[in-house]
Amino acid sequence: MDQWKLHIQSGNRHFLEKRYLEAEQDYNKAILRARKIFPAWFNRQQAVAALVVSYHNQADVFNAQKLFSKSEDMLREGYEFLQHAAAKQPVDDALMSGLRCSYTQLLKHIKSHGSRNNYVPQPFDFRMSSTSHPEIEVTQNVPTR
């Protein structure tokens, strides 16, 4: 966690100084570190937060440079990483919160800047995961005629 935090802090400093190349490099290191230690991280909430922060900060660097398609790619990659993690393990509150946050940020980005491939992903459905929780009930509003 300490190494990840150092990369984030350095990236934040470079971002504020508008040194975007350095910030991008720092955030990329943070992403790689968060992904590497994600499966073994004992504090699930911290693990999910590290991934979300890393990907969203990297997307912010690209947005600041008006590289909107690269920003979209980062947001998609972060969301997809969490989707894959959720398909392999129990979906707890931390993971569900990370999925919601990442999905919301991706939708906001697409609404503001459009989507390069006009593809809007569906929200994660924990019921489709191999480790879904049957005790969690999801209701869907179905319009009546």
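Remember, predicted model here, so these are calculated numbers, not experimental data. FYI, side chains are in, hydrogens and waters are out, and symmetry mates aren't considered; it's all heavy atoms of this structure.
With hydrogens and angles disregarded, a donor-acceptor distance shorter than 3.5 Å links the side chain of S54 to the backbone of A50. The backbone N or O of M74 sits nowhere less than 3.5 Å from a side-chain atom of Q58 that would complete a donor-acceptor pair.
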Item to complete: Run the numbers on V48 and L51 for side-chain contact (heavy atoms from CB on, under 4.5 Å), then give the verdict.
Response: CA-CA 5 Å; V48 172; L51 278 161; 5.9 Å; no
Practice prompt. Go through the steps to decide whether F81 and Q83 satisfy the test side-chain contact (heavy atoms from CB on, under 4.5 Å), and finish with yes or no.
Written response: CA-CA 5 Å; F81 182 90; Q83 282 183 310; over 6 Å; no
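How far NE2 of H14 is from CD of E22: 5.0 Å, rounded to the nearest 0.5 Å. Taking CG of L21 as the start and CD of E24 as the end, the distance is 6.0 Å to the nearest 0.5 Å. Taken from CD1 in I37 to CG in L32, the straight-line distance is 11.5 Å, to the nearest 0.5 Å. Separating the CD atom in Q3 from the NE2 atom in H7 is a distance of 4.0 Å, to the nearest 0.5 Å.
Under the rule for a side-chain contact (heavy atoms from CB on, under 4.5 Å), the partners of Q65 that lie at least two apart in sequence or sit in another chain are Y20, V61, F62, L67. Contacts of H56 classified as side-chain contact (heavy atoms from CB on, under 4.5 Å), with partners at least two apart in sequence or in another chain: V52, L75, C101, S102, Q105. In this structure H109 satisfies the ring-ring contact (aromatic ring centres under 6.0 Å, His included) test together with H113, sequence neighbours excluded. Under the rule for a side-chain contact (heavy atoms from CB on, under 4.5 Å), the partners of V53 that lie at least two apart in sequence or sit in another chain are W4, I8, N57. For the salt bridge (Lys or Arg N to Asp or Glu O under 4.0 Å) test, no residue two or more places apart in sequence or in another chain qualifies with R100. Every residue meeting the side-chain contact (heavy atoms from CB on, under 4.5 Å) condition with D73, not counting sequence neighbours, appears here in chain and number order: R116.
A donor-acceptor contact closer than 3.5 angstrom is absent between the side chains of S71 and R76.
Salt-bridge formation is detected for the pair E77/R35: a Lys NZ or Arg NE/NH1/NH2 atom is positioned less than 4.0 Å from an Asp or Glu carboxylate oxygen. Taking 4.0 Å as the cut-off between side-chain N and carboxylate O, E17 and R13 do not count as a salt-bridged pair.
L99 and F38 fall within a single hydrophobic cluster, where Ile, Leu, Val, Met, Phe, Trp and Tyr are joined by side-chain heavy atoms under 4.5 Å apart, directly or via other members.
Nearest heavy-atom pair, L95 versus A85, reported as atom, atom and distance to 0.1 Å: CD2-C, 4.2 Å.
You'll find the ring centres of Y55 and Y27 outside the 6.0 Å limit.
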